[in-house]
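What follows is a short report on a single structure.
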There are 2 protein chains.
Amino acid sequence: MARAGLTTERLTQAGAELADEVGFDHITLSALARRFEVKVASLYAHVTSSQDLKTRITLLALQELADRAAEALAGRAEKDALIALGNVYRDYARKHPGRYAAMHFRLDPETANASAGVKHSQLTRAILRGYQLSEPDQTHAVRLLGSVFHGFATLEMEGGFSHSLPASQESWSRALDALDALLRNWPTPK
Amino acid sequence: MARAGLTTERLTQAGAELADEVGFDHITLSALARRFEVKVASLYAHVTSSQDLKTRITLLALQELADRAAEALAGRAEKDALIALGNVYRDYARKHPGRYAAMHFRLDPETANASAGVKHSQLTRAILRGYQLSEPDQTHAVRLLGSVFHGFATLEMEGGFSHSLPASQESWSRALDALDALLRNWPTPK
DNA sequence: GCCAAAACCTAATAATATTAGGCAAATGCC
DNA sequence: GGCATTTGCCTAATATTATTAGGTTTTGGC
């Protein structure tokens, strides 16, 4: 009989799609095997374990998002850059909820360090170039931006903002306005 | 032989402790049964399913956190209240990572509506009384505060801030300063 | 002490993860 | 083009977990 043509890459890609459909927490090797019309044991020639698959999906998501972020930031500065980066995160979370969740899967330190995850903070730091912030305020600002982007995306994804008006899009725009105002006038502790 | 004295409440409580130890995603009825030195099937007299246990842990966490938030806000206003509420969230996430994660377990709408979850946004809204914001800016601000609290707590819990200086505590203080400054001078879109 | 209800158990089924070892299909060498 | 080898996928077996059905034993009220 014809072969399915499994490869590590194809499994990772299909795993990412599966995650977007059923949620990262609910992906299984069984479901993935079913999708390829293949027996579960066959997958073990390409991934070493369920954990391995999840790790690969995580790395894929981190890379995809870093690439989109880098592209979005090209040629933009200040508020333009801030809005672009924020939208990349939010849009990715909305379109790819499973992959977005994958990015918060715990990786072992070496894997994490070799991942595109490190690019994320670098890219966030890059948009601060347009604002006048020096260390250590830059680091504080990077962490605050990361918190807002991640927090908003997560809460919105969970439906936390969908049961009341105004529409969450409105709050998002205002959050970006607020962050811009903040970076433009970063408070110094007294 | 002596009986273990299982009740729904004790299972929920032990489940919450287990979640704090191994992570909410990794709690199992088997592990819980082991902890009580009881067979797994015995648990089904007190919880209807694994899903049911998780739901109960979620409700417990939402309630605990709402109670702590309410207590922390009593007699405080403005920045004092903001700091107190933020710290309640952050401290809870640090001390009870499993329960904190439980709060983002998907509940069916009716359960969610009957939960202490609704109190959270009310309490957040309460601290805005000290600042001069009217609708719909209040809602935008509630959502922003929620995003920062949740985002920061999550990223810190994952160790996202632990591999670089300054210490995350410092960034947290500065984030609260920033939010206070923002609420005091909420930008209007042009 | 007796007896109902409650608490816990054994047994059986099903889904998933994982390992070991087998056969067949594709690949490369002559 | 035929053959050997590698590789891809399979069957089979084991372990863990979730869940249901139905059987005992404990316990508290009388």
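Protein chains get the first letters and strands the later ones, always in sequence-line order, with residue 1 at the start of each.
Comparing dC10(D), dT19(D), dT19(C) against the side chain of Tyr44(B) picks out dT19(D) as the nearest. For Lys39(B), taking side-chain heavy atoms from C-beta onward, the closest of the listed nucleotides dC9(C), dC10(D), dT18(C) is dC9(C). Distance from the side chain of Leu6(B) is smallest to dC8(C) among dT19(D), dA17(C), dC8(C). In the set dG8(D), dC10(D), dC8(C), the nucleotide with an atom closest to the side chain of His46(A) is dG8(D).
Counting any heavy atom pair closer than 4.0 Å across all strands shown, Ser50(A) reaches sugar-phosphate atoms only and no base atom. Within 4.0 Å of Ala41(A), counting heavy atoms only, lies at least one base atom of the nucleic acid.
Going from atom CZ of Arg10(B) over to atom P of dC8(C) covers 9 Å, rounded to whole Å. Taking atom CD on Gln51(A) and atom P on dT19(C), their separation rounds to 13 Å, with Å as the unit. Distance, Leu32(B) CG to dC8(C) P: 13 Å, rounded to whole Å. For the pair Asp25(B) CG and dT17(D) C1', the computed distance is 16 Å after rounding to whole Å. Atom CG of Leu11(A) and atom P of dA17(C) are 13 Å apart (whole Å). Residue His26(A) contributes atom NE2, which lies 17 Å from atom P of dT17(D) at whole-angstrom precision. To the nearest angstrom, C1' of dC9(C) lies 17 Å from CZ of Phe36(B). Rounding to whole angstrom units, CG of residue Leu29(A) and C1' of dT19(C) are separated by 14 Å.
An OP1 or OP2 oxygen of dT16(C) is reached within less than 4.0 angstrom by a side-chain nitrogen or oxygen of Arg34(A). A sub-4.0 Å separation between OP1 or OP2 of dA15(C) and a side-chain N or O of Thr28(A) is absent. The phosphate of dA7(C) has neither OP1 nor OP2 within less than 4.0 Å of any side-chain N or O from Ser42(B).
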Check your understanding: Run the ring pair (Phe, Tyr, Trp, His ring centres under 6.0 Å) check on Tyr92(B) and His96(B) step by step: do they pass?
Key -> CA-CA 6 Å; Tyr92(B) 193 74; His96(B) 299 291; 5.2 Å; yes
Practice item. For the pair Phe161(B) and Phe152(B), evaluate ring pair (Phe, Tyr, Trp, His ring centres under 6.0 Å) and give the outcome as yes or no after the intermediate values. Key: CA-CA 9 Å; Phe161(B) 302 153; Phe152(B) 196 98; 4.9 Å; yes
Point to revise | Worked check of side chain to side chain donor-acceptor pair (under 3.5 Å) between Ser173(B) and Gln169(B) | key: CA-CA 6 Å; Ser173(B) 293; Gln169(B) 169 61 46; 3.3 Å; yes
Review point. Between Glu156(B) and Arg143(A), is a salt bridge (charged side-chain N to carboxylate O under 4.0 Å, His left out) present by the stated rule, with each step listed?
Key: CA-CA 9 Å; Glu156(B) 186 180 32; Arg143(A) 291 170 175 179; over 6 Å; no
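Heavy-atom neighbours of Gln132(B) CD from other residues, nucleotides or ligands within 6.0 Å: at or below the threshold of 12.
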